[in-house]
Amino acid sequence: VLCGAARAAALTAEHQHIADAVSAEARRRYCGVPAGVMAKLTPWPCYLVLEAHSQVVAGTNYFLKVRVSADGEPLECVQLRVFVSLFGDPPALAALRKGAAAAGALSYFAEEEGERST
């Protein structure tokens with residue numbers, strides 16, 4: 001669907017690769033660390049893509065639901081919107097959902113959504 005709603009996609013290694021490419025930025029935003037601030041962040045206990053949608057624009061928006069909690073703990077997910085350009089640029093994290101907003105169904109979102117870190 002060109003320039004339309006996101007469509008569900010069968011999970012592939014490419015989806016995990018795209019998520020891995022923005023993992024550090026996602027962790028920084030999840031923890032509320034502003035851009036340009038140096039911080040040592042612990043890695044995610046788990047970082048596994050569970051669901052993916054894509055949307056063709058002037059490149060591709062990938063909507064990824066990623067498990068970030070360890071096995072045996074309550075399920076916690078983040079949702080990522082990652083833009084991949086047509087020109088071979090690295091994937092760029094455009095937005096992140098966390099908390100209750102990320103626990104729901106994967107759908108289009110434009111801005112950061114979720115509970116704020118304190």
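Only heavy atoms go into these numbers, but all of them, side chains included; no hydrogens, no water, no symmetry mates.
Atom-to-atom distance recorded for L96:CG and R29:CZ is 7.0 Å, nearest 0.5 angstrom. Here the straight-line distance linking atom CG of L11 with atom CG of L50 works out to 8.0 Å at 0.5 Å rounding. For the atom pair CG (D71) and CD (E73), the distance works out to 9.0 Å, reported to the nearest 0.5 Å.
Considering all non-hydrogen atoms of both residues, A110 and A95 come closest at O-CB, 3.8 Å. Shown here for T60 and S54, the closest heavy-atom pair between the two residues is CG2-CB, 4.0 Å. Across every non-hydrogen atom of V22 and P91, the tightest pair is CG1-O, 3.7 Å. Nearest heavy-atom pair, S69 versus P74, reported as atom, atom and distance to 0.1 Å: OG-O, 3.1 Å. Taking each heavy atom of A26 and L80 in turn, the nearest pair found is CB-CD2, 3.9 Å.
Residue L93 is not grouped with residue L48 when hydrophobic side chains (ILVMFWY) are merged at heavy-atom distances under 4.5 angstrom, including chains of intermediate members.
Checked by atom type and distance alone, the side chain of K98 never pairs as donor or acceptor with a backbone atom of C31 at under 3.5 Å. R81 places no side-chain N or O within 3.5 Å of a backbone atom of N61 that could act as its donor or acceptor partner. Without hydrogens or angle criteria, R28 side chain to V33 main chain gives a donor-acceptor distance under 3.5 Å.
Side-chain contact between V68 and C77: absent, with no pair of heavy atoms (C-beta onward) separated by less than 4.5 Å. A 4.5 Å side-chain heavy-atom check between L64 and Q79 finds every atom pair outside the cut-off. Between E51 and V66, the closest side-chain pair of non-hydrogen atoms is not below 4.5 Å. Contact annotation: the side chain of V78 never approaches that of R97 to less than 4.5 Å [non-hydrogen atoms, C-beta and beyond]. Within the 4.5 Å cutoff, side-chain heavy atoms of S23 are placed close to those of W44. Using a 4.5 Å heavy-atom cutoff, the side chains of F83 and Y62 are not in contact. Two residues are said to be in side-chain contact when any heavy atoms from C-beta on lie closer than 4.5 Å; R67 and Y47 fail this criterion. In this structure the side chain of I18 never reaches within 4.5 angstrom of the side chain of Q16, judged on heavy atoms.
The side-chain hydrogen bond (donor to acceptor under 3.5 Å, both in side chains) analysis of residues 86-95, with sequence neighbours excluded, yields the pairs S85-D89.
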